Amino acid sequence: MTDTAEPDTAEPQLPKAYRPTDVEGPVYDRWLAADVFAPDGAGSTADPALPPFTIIQPPPNVTGSLHLGHAQRTAVEDLMVRHARMRGHPTLFLPGLDHASIAAQFVLDGILAKEGESRQSLGRERYLERMREFSESTKPIMLGQQRRVGASADWGRLRYTMDDVSAKAVRVAFERLYRDGLAYRTEAMVNWCPGCRTSVSDLEVVSSPETGTLWSIRYHLIDESTGEPDPAETITVATTRPETILGDVAVAVHPEDDRYRALVGRRARIPFVERDVPIIADDVVDRAFGTGAVKITPAHDPDDYATGKRHGLPAPTILADDATITNTGTQLDGLDRYEARRRIVAELAERGDLADERPHEMVLGRCQRSNDVLEPRLKTQWFIRTGPLATRALDATRSGRTRIVPDRFEKTWEHWLTNIRDWNVSRQLWWGHRIPAWYCPDGHVTVTSDPDGPTTCQVCGRPAAELQQDPDIFDTWFSSGLWPFSTLGWPDDTPDFRTYYPTSVMETGYDIIFFWVARMMMLGLHLTDREPFHTIYLSGLIRDPEGQKMSKTKGNVVDPLGVIDETGADALRFAVIHGTAPGQDQRFGRTKLENARNFANKLWNATRFVIGARPETIPSGAERRLPSEADLGPAERWILSRASATVEAVDAAMAGYAFGEVTRLLYDAIWNEFCDWGVELAKVRLADGSSTAAEREATWWALVEALDTYLRLLHPVMPFVTEALWGSIPHRASDPDLLIVARWPAPTGRDDRLERDVDAILELVRGLRNARAEAQVEAGNWLATEVVVPQALGATFEALRPAIERLARARPLDRRLTREALGEGRASTDGALTVIAGELEALAHRPETASDPAARDLERARLQRELDDARGWLEAARARLANDAFVSKAPPAVVEGARAREADLADQVARLEDRLQDR
RNA sequence: GGGCGAUUGGCUCAGUGGUUAGAGCACGCGGUUCACAUCCGCGGGGUCACUGGUUCGAAUCCAGUAUCGCCCACCA
């Protein structure tokens with residue numbers, strides 16, 4: 001808390017105009033000053049008896065700035081966090097940043113290129129120094145953006161995937177996986193990106209359908225008598241990558257292929273490298289594809305690698321890290337892969353060994369990051385054995401211990417985890433966590449989590465000085481996979497880990513369910529023996545108004561700060577949550593944002609009205625009190641009952657993670673109920689000289705009560721404006737100073753009968769307005785109106801009479817006892833407007849048009865339309881009831897409802913017919 | 001090749017088998033009502049992609065079809 005004692009917190013002035021940017025900064029500062037974000041902060045009002053609620057933020061990459069997607073995620077996470085906090089749970093929203101190894105290097109390399117530098121020119125140490133500077137420079141920007149969005153995160157617990165605690169977690173996790181036999185080092189086929197100069201995991205390969213070329217090439221068979229190739233005898237192979245010829249070690253055919261049966265066991269000469277290789281039989285070969293003979297390049301093709309292994313063939317590597325030809329001893333060494341391809345094809349054509357060349361539809365693997373065409377190649381790397389880990393992750397969701405929202409993603413989850421392959425975690429990059437593995441000259445492997453490395457070789461005891469650490473770093477997702485617990489201090493048994501782990505909800509985009517969520521689950525289960533979260537909430541992606549994915553290259557990314565400057569963070573938050581469903585992409589455009597801003601403005605003005613409408617008999621700064629029952633009128637009871645109904649509905653939606661439903665409920669309740677009717681009804685009573693002071697006070701307190709409820713309910717979505725407004729209305733003695741730590745409202749009970757009665761009367765008002773509008777009666781022209789109200793509604797009607805008069809522009813408003821009495825004593829009812837609304841009926845007189853036949857015809861036509869409509873509905877209702885199956889099989893309540901409806905409609909129709917005859 | 005999603009008013013989207021399917025924007029008419037023109041009142045506009053099925057009852061559940069989109073998939 002600061003030492004600034006505010007003299008009059010009870011009723012600060014609200015500016016007339018709503019300016020989000022004026023509100024948001026100061027409000028955020030108050031939250032910070034009050035120390036309410038941390039579960040154990042000075043301003044926390046959490047009930048320690050309740051279970052903690054924890055959200056660990058998906059850490060954005062330190063590569064620059066946040067985009068709209070981040071803002072959306074933050075909004076959803078913060079919504080859940082604020083809701084839990086208001087419900088009294090000790091609530092931790094832990095923020096963080098991700099070092100994003102490959103993504104960050106990609107960005108930095110771009111910056112360096114503009115300076116004429118490169119990774120290589122700087123060297124590892126200087127490069128990492130530049131990276132540290134770069135990431136430090138982006139941090140404040142990104143944290144500032146989160147703050148503007150309104151993240152109520154515990155900044156004191158801010159974490160970074162490259163900080164010391166994470167580094168320790170990475171080492172310990174890897175050591176444990178190694179000891180448990182789940183991390184192993186082997187030579188295997190990996191996806192190599194020549195642009196990034198690193199291997200990438202299978203997930204980082206983007207399949208790209210492209211039209212390539214399928215070349216058919218003749219290899220000459222060896223005449224074993226001379227040991228030289230026979231110019232006439234050839235075997236034709238098909239390939240899309242002729243440069244890999246240089247690495248060929250065999251030609252394979254199907255064992256039952258009669259065309260080639262005789263050739264198996266003979267040898268063929270590989271051009272350029274002039275190597276003689278065997279013709280082998282293997283049933284991987286598809287006889288129908290190409291020529292039915294396949295060249296085998298074990299070092300540069302996953303299938304060929306497997307074939308080579310089966311047949312004990314060598315695997316010469318012919319591509320260097322930058323995808324130039326190497327190690328072939330030919331003129332082609334040093335050439336780029338595509339240049340080599342061109343020359344090889346040209347040379348083969350010249351020699352007459354190019355049998356065919358045709359366009360070929362194929363799927364290329366490209367690098368997710370650089371878009372380079374990936375080369376499969378052999379590398380000795382570290383892998384995580386995912387089989388056993390995936391089994392446990394599957395068990396978590398199948399058992400329901402972890403729930404995925406929306407649940408359809410469980411199918412995707414199942415499919416991926418049941419077909420999962422081992423995870424290549426070695427990256428030949430510099431920015432990231434170095435793999436804590438050391439190798440001795442004898443090839444022994446030592447893995448240790450000791451920050452100083454091993455003292456001796458674990459196998460042969462050689463001293464550390466003779467050991468060499470693996471130069472590679474971990475896939476950035478390895479440290480991300482530890483995030484839910486490394487952030488809480490794991491592997492140490494810290495108080496935070498004990499208190500806040502397992503966490504509650506993991507919110508993220510569905511696009512990284514495999515990259516991240518599955519790995520957190522797998523690593524979390526193995527390393528902590530518990531599911532790291534009970535719920536996975538997957539957000540949809542934000543797209544531009546045309547439905548395109550936002551991306552920097554397309555130039556359609558929206559800067560959240562620009563949006564916030566324009567319409568406010570509250571509007572942004574509301575807009576990204578309103579009208580959406582989990583896992584469903586949304587298009588984001590101006591109108592949604594403007595609508596959200598208008599809603600905030602509406603709330604602002606409604607609150608200004610309430611503050612300004614305080615009866616003089618209530619002193620400024622009065623402590624909040626509930627209105628006394630006796631002084632409540634139907635309008636007040638209706639307002640309070642509806643507010644309670646909204647609490648119930650919002651609670652149900654919240655429980656189902658239906659946040660779009662939450663905003664819809666609140667938008668309707670606040671705008672269409674509270675403002676349009678509640679406030680309008682209250683205005684009349686507040687200004688009514690005939691009501692007592694106690695009644696006027698009760699009206700005001702009822703407004704305050706409902707407004708207070710709505711501000712609380714809306715706070716998780718629109719935290720700034722609700723906090724500012726709440727600060728200006730009276731509070732209960734038990735309330736804290738700030739809404740953010742105030743209690744979530746509980747339903748106070750509904751009065752169904754009263755809601756129905758008031759609704760019936762409001763329906764009459766609507767009917768009168770409608771009739772007036774259609775008849776083009778000027779707003780200022782109050783019509784003398786007669787009305788028939790059923791006995792049961794009499795008291796409610798009388799209590800609301802002044803409001804009805806004003807809202808329906810109906811004065812004098814005479815109540816008749818029977819419908820027959822309508823128009824009694826009038827010279828003529830010609831031109832009068834007839835309104836039938838449920839059981840209520842009204843006749844609004846228009847003396848000035850009483851003798852105008854055109855007006856009369858218009859009114860008749862209007863009634864006729866209503867009658868036709870009503871007849872249609874009645875017919876449908878009767879048809880339904882005429883169906884014996886419906887009556888006997890549908891639940892009694894439904895049948896009863898249908899009967900009541902039929903009766904109502906029949907009555908309506910009869911009355912409309914009646915009135916139409918009179919006119 | 002497999003899987004998933006979408007298809008609802010002119011546009012963008014909600015809709016969790018049960019009265020007459022909703023909202024915002026856009027559109028039309030009318031408004032200087034003392035909270036709000038970022039507003040108020042009233043209105044027009046939908047055979048819920050198509051076909052079949054389950055059910056007393058289907059936008060909703062099932063099967064199939066079409067179009068668009070996404071994800072997964074080692075065939076040269």
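Heavy atoms only: backbone and side chains are in, while hydrogens, waters and symmetry mates are out. So that the names make sense, note that chain A is the first sequence line, chain B the second, and so on, each numbered from 1. Small disclaimer: the values here were computed from a predicted structure and weren't measured.
Salt bridge present: A/Arg241 and A/Glu375 bring a charged side-chain N and a carboxylate O closer than 4.0 Å.
The base-pairing partner of B/A63, taking Watson-Crick or G-U wobble contacts with both distances under 3.5 Å, is B/U51. Checking B/A58 for Watson-Crick or G-U wobble geometry (two distances, each under 3.5 Å) identifies no partner in any strand. In this structure B/C25 sits in a base pair with B/G10, meeting the Watson-Crick or G-U test at under 3.5 Å. When both distances must be under 3.5 Å, the Watson-Crick or G-U wobble mate of B/A73 does not exist. Within the shown strands, B/C68 is the pairing partner of B/G5 under the Watson-Crick or G-U definition, both distances less than 3.5 Å. Judged by Watson-Crick or G-U wobble contacts below 3.5 Å, the nucleotide B/U38 has no partner. Pair assignment for B/G46: none, as no Watson-Crick or G-U wobble contacts are both less than 3.5 Å. Pair assignment for B/U16 gives none, since no Watson-Crick or G-U wobble pairing has each distance under 3.5 Å.
A/Ala893 comes within 4.0 angstrom of no nucleic acid atom, judged by non-hydrogen atoms across all strands.
Using C1' as the reference atom, B/A26 and B/C71 are 35 Å apart when rounded to the nearest Å. Atom name P, nucleotides B/A49 and B/G31: the rounded distance is 40 Å, in whole Å.
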Do nucleotides 58-76 of chain B as a string where each nucleotide becomes B, S or -: B if the base has a protein heavy atom under 4.0 Å, S if just the sugar-phosphate does, - if no protein is that close. -------------SS-BBB
Reading nucleotides 20-35 of chain B from 5' to 3' and marking B where a protein heavy atom lies under 4.0 Å of the base, S where only the sugar-phosphate is that close, and - otherwise, the string is B---SS---S---B-B
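Side-chain N/O atoms of A/Arg597 and base N/O atoms of B/U38 include a donor-acceptor pair closer than 3.5 Å.
The side chain of A/Trp671 contributes an N or O atom lying less than 4.0 Å from OP1 or OP2 of B/C40.
Between A/Trp416 and A/Phe514, the ring-plane angle classifies as parallel under the 30° and 60° cut-offs. Note on ring orientation: taking the six-membered ring where Trp is involved, the planes of A/Trp671 and A/Phe599 are parallel (angle under 30°, cut-offs 30° and 60°).
No side-chain N or O of A/Lys309 forms a donor-acceptor pair with one of A/Thr307 less than 3.5 Å apart. Between the side chains of A/Glu594 and A/Thr591, not a single donor N or O lies within less than 3.5 Å of an accepting N or O. Side-chain contact check for A/Arg218 and A/Thr236: no donor-acceptor pair (N or O, by modelled atom type) lies under 3.5 Å.
For an aromatic pair to be called close, the ring centres must be under 6.0 Å apart, and A/Phe409 with A/Trp413 fails this.
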